[in-house]
Amino acid sequence: MVKICCTCGKEKAALKRPKTSEQLCKTCFYAALEDEVHQTIIKHKLFSPGERVAVAASGGKDSTVLAHILTTLNERYSYGLDLFLLSIDEGITGYRDDSLETVKRNEQQYGIPLKILSYKELYGWTMDEIVRAIGHKNNCTFCGVFRRQALDRGAALMKADKMATGHNADDIAETVLLNILRGDVPRLGRCANIITGEDSAQPRVKPFKYTYEKEIVMYAFFKKLDYFSTECIYAPFAARGAAREFVKDLELVRPRAICDLIRSAEEFRLDAKGGQSHPVAGKCQRCGYISSQDVCKACVLLEGLNKGLPNLGVSRTRGSKGGKAGLPASVDA
Ligand code: SF4
Ligand code: ZN
């Protein structure tokens, strides 16, 4: 039996929305998803008119859909944002070089400028060189720490007011779960924040905080968006992979599980006795970038690499697969 779209009641339904189980036609699905992102942006005041916003772009599905939807909404609702794409070239042959070609095409497709910064120019090392020096064990720790800082540096260099990242609801639910599994109470309390680094020069915002990964994939697929889907050649078998599988299993039984995991972190409060304070953002004494320690993690890791002691600084960091193609081992999402 042909199913009819439950919103317009006219068109043939093209899909069942994973988040709500509604049968929708493509047009009504696009409208529903775009409207949810718009409502998230408005409700949480993610942007202000006139702001210059870096869209962290890897060429993957999340950041490609984010660039597409933000340019669409910016025009449709006159947000007045000055958007640009910011990409980091980690120096991973056969992975990042190909995905950067996608980002370069996105620059043309969405008509917004692109800035690419490389690990080589910032740190003097490519990820290929780092893996040759340290092996495959802790590569994502280096990559995640370096990328986080590289994005901050790129955003500062380009005089951005904010940075938008493509973290979706599944990513955040996984991070909540990982922080529970690690007993990382302070991070659990803040990992679901939709705005992070509010005291820094370029706060980070997550317009897809409530958007399901499956719906992002469907949106990209139906709209035939140009994105890169190959996994990094250094992707490890790590805790995040197990958490991801677990979240997917939960979603199968109960689609709301993703939202509920996020809400559990949102509702999480530290009492005065057990509460550990939020790390105070200061500046690294060596590179001058944001750090809660005297010397930032990137500088500690770099010191190890340059001294031929790559494990220096790694031991204090618990291993994980990088999220968004690479979160640092500690998971703030
Ligand atoms: Fe970097 Fe992600 Fe590749 Fe790890 S999986 S090396 S974090 S890009
Ligand atoms: Zn419809």
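In listed order, ligands and their atoms are each counted from 1. Predicted model, so just to flag it, every value in this text is computed and none were measured.
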Pairing of R254 and D260 as salt bridge, 4.0 angstrom limit:
yes
Assess whether a salt bridge exists between R256 and E251, defined as any Lys/Arg side-chain N lying under 4.0 Å from an Asp/Glu carboxylate O.
no
Provide the number and element of each atom of ligand 1 under 4.0 Å from a heavy atom of C143.
1 (Fe), 6 (S), 7 (S), 8 (S)
What do we get for E231 next to ligand 1 when only non-hydrogen atoms under 4.0 Å count, side chain, backbone, both or neither?
neither
Check whether the ring centres of H167 and F208 lie less than 6.0 Å apart, and answer yes or no.
no
Atoms of ligand 1 under 4.0 Å from any heavy atom of C232, numbered from 1 in the order shown, are 3 (Fe), 5 (S), 6 (S), 8 (S)
If we only consider heavy atoms of R96, is any one of them less than 4.0 Å away from an atom in ligand 1?
no
Considering all heavy atoms, the nearest L151-R204 contact:
CB-NH2, 3.6 Å
